[in-house]
Every structure is written in C-alpha cells, then in structure tokens.
Asker: 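For reference, the structure I am asking about is given below.
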Amino acid sequence: MDEAAAEACLRLLSEDELDRWRGFKFDRHRREYLATHALARTALSFHRPLPPEAWRFELNAYGKPAVQPECGLRFNLSNSLGLVVCLIGEGAEVGVDVESRGRAGSIAEVGPRMFSAEEMTQLELLADDEQAERCLRLWTLKEAYIKARGIGLALPLNEFSFLFEESGQIRMRMEPSLEDEPGRWRFCLLEHAEHCVALMVENGTAPELHVWEARPASAPARQLTLEKEVWFP
C-alpha cells in the first residue's frame, strides 16, 4: 500500500481504530489492520447509504465487531500478508478465514492439537503430499466457524469436525456440548490469489455469493468472476 492509499484509508477510521493502528509495533501489522478496517467500511457502504467513515461498531465480549446501531447487516473480517477479506451477510451470522498456501506446512505441524479424532483418522489415510492441503482446508473451515459463532477459542476446535467424503461432499459434525446444530450452517471453500478462503453462513439454503475486489481497500470495487462456488452440506 503506497502512502497516498494509506492516507485515504486512514481518513476512514474512527479515533478508536486510529489508536489501535498506532499501537502496532511492526509496519506489516499496521498495514494489515489499516487495509482490513478500511475495507470493512467501504464494503458496508456498498450495502447501505452511509459514508465509510460514518460507520460505528461495538465489540462483543470475545472481540467480534457488530454494526451499531443495528441495520440488518452482519460482517466478518480476515487477513493474511497478501489478502484481506470482508464477508457481509443480510440478517445472518457470517464467518470468514483466509490463509496463504504458504502456511499449509506450519498448520499441519499443529493439526494434531487442533483437529478432532475423526479428522485425524481421515488425515492419516491420506498420502503425505495430500495431508498439508487437507490441514489447510480444515484450519480455514474451523476458523470460519468459530468466527461466525462470535465466541472465538471458547469453542474447543477438536469438538467439531469437517469430514471429507469420497463423493466430494464435506459434512460437519459437532459435539452436543457446543449447543449448536450443523444444519444451521452452510459453508464453502474458495481459492484466490494463492490463498484458501473459507466462508461460513447461517442459512438454511445455499447463499447467493457476490465477490468484489478493491485495490487499495479504499478504492472503488470491481466485481470478480470466480469459479462457481460449492456450498456444503
């Protein structure tokens, strides 16, 4: 992000967001935070007649932001070094996670501590060169789900599973302790710019997805045509 783009993004942020931005020690983290929060504001303004700088947010006890006052929109944010994503839903909770393909190996190293017994059983049946890819997909799906729920790591990651079937379907299973039902959610996996993106939407039917890109985050967006997404289950 060049200096002019950064200045344009900074003008959109609230005083609280600016304080948080100034508090980051490393320039990389400042850039990610700036791009992520400028994108959220410009994306929300695409759906409601409100200027990007006018949006106000409230955090729940676990740090998930929500629009204040209530306007029917739900949103969630995720970023990596090379990609920032904002997912917006109308009247439905949403969660998103984005991970660079370059992180697949490091995710595979911590998988045994994060994945369920069923997920680990499926992983062990895969060839070595397939395991890192599966770990990347599992991780993004799990992150998207806990972000949609809005209570973060208070949800034990190994108490819900994404099970990959031979038919190509992905089935979600969860322990009763989570006080939730798999049928409440629809999810999909996307590939974009060498990243894996998982979307989680509270919906009884497959959502209608529209994808837009803004470079930089404060710039006018253009619609992207991606390979048709597949929603599960």
Asker: Is the shortest side-chain N to carboxylate O distance from Arg137 to Glu99 below 4.0 Å?
Answerer: no
Asker: Validate the cation-pi geometry between Arg134 and Phe164: distance from NZ or CZ to the six-membered ring centre under 6.0 Å, angle to the ring axis within 45°.
Answerer: yes
Asker: Under 4.0 Å between a side-chain nitrogen and a carboxylate oxygen: does that hold for Arg184 and Glu93?
Answerer: no
Asker: Distance alone, cut at 3.5 Å: any donor-acceptor contact between the side chains of Ser116 and Glu159?
Answerer: no
Asker: Does a side-chain N-to-carboxylate-O contact under 4.0 Å join Arg101 and Glu194?
Answerer: no
Asker: Output the distance between atom SG (Cys196) and atom CG (Leu136), rounded to the nearest 0.5 Å.
Answerer: 4.5 Å
Asker: Is it the case that the side chains of Asp97 and Thr140 hold a donor-acceptor pair, with the cut-off being a distance below 3.5 Å and no angle test?
Answerer: no
Asker: Measure the shortest side-chain to side-chain distance between Arg28 and Arg31 over non-hydrogen atoms and say whether it is less than 4.5 angstrom.
Answerer: yes
Asker: State plainly whether the residues Arg20 and Asp16 are in salt-bridge range, i.e. N to O under 4.0 Å.
Answerer: no
Asker: For side-chain contact (heavy atoms from CB on, under 4.5 Å), just list the numbers for Thr42 and Leu12, CA-CA rounded to whole Å, side-chain angles, deciding distance to a tenth of an Å, and then say yes or no.
Answerer: CA-CA 9 Å; Thr42 55; Leu12 304 181; 3.8 Å; yes
Asker: Checking ring-ring contact (aromatic ring centres under 6.0 Å, His included) for the pair His29/Tyr33: CA distance, chi angles, key distance, verdict?
Answerer: CA-CA 6 Å; His29 296 148; Tyr33 182 88; over 10 Å; no
Asker: Does Glu53 pair with Arg41 as a salt bridge, N-O distance under 4.0 Å?
Answerer: no
Asker: Is it true that Glu109 and Arg113 have a side-chain N and a carboxylate O under 4.0 angstrom from each other?
Answerer: no
Asker: With side-chain contact (heavy atoms from CB on, under 4.5 Å) as the test, would you mind laying out the steps for Leu190 and Leu199 before giving the verdict?
Answerer: CA-CA 8 Å; Leu190 301 174; Leu199 310 179; 3.9 Å; yes
Asker: Around atom CZ of Arg56, are there more than 12 heavy atoms of other residues, nucleotides or ligands at under 6.0 Å?
Answerer: yes
Asker: Stepwise, does the ring-ring contact (aromatic ring centres under 6.0 Å, His included) test hold for Tyr145 with Phe187?
Answerer: CA-CA 9 Å; Tyr145 172 67; Phe187 53 91; 9.3 Å; no
Asker: Within 45° of the axis and under 6.0 Å from the centre of the six-membered ring of Phe160, does NZ or CZ of Lys142 qualify?
Answerer: yes
Asker: Under the criterion side-chain contact (heavy atoms from CB on, under 4.5 Å), I'd like the reasoning laid out for Phe115 against Leu123: C-alpha separation, chi angles, the key distance, then a yes or no.
Answerer: CA-CA 10 Å; Phe115 300 153; Leu123 270 171; 3.5 Å; yes
Asker: Is the shortest distance from a Lys or Arg side-chain nitrogen in Arg30 or Glu32 to a carboxylate oxygen in the other one below 4.0 Å?
Answerer: no
Asker: Hey, are the side chains of Thr205 and Arg186 touching, using non-hydrogen atoms and a 4.5 Å cut-off?
Answerer: no
Asker: Check whether the ring centres of Phe57 and Phe75 lie less than 6.0 Å apart, and answer yes or no.
Answerer: yes
Asker: Any side-chain heavy atom of Leu73 sitting closer than 4.5 Å to one from Glu90?
Answerer: yes
Asker: Under the salt bridge (charged side-chain N to carboxylate O under 4.0 Å, His left out) test against Arg171, which residue among Glu165, Glu118, Glu166 passes?
Answerer: Glu165
Asker: Check the surroundings of atom CD in Glu227: do more than 12 heavy atoms from other residues, nucleotides or ligands lie under 6.0 Å from it?
Answerer: no
Asker: Return the CD1 to CD distance between Ile107 and Gln131, rounded to the nearest 0.5 Å.
Answerer: 14.0 Å
Asker: Looking only at side chains, do Glu202 and Trp185 share a donor and an acceptor under 3.5 Å apart?
Answerer: no
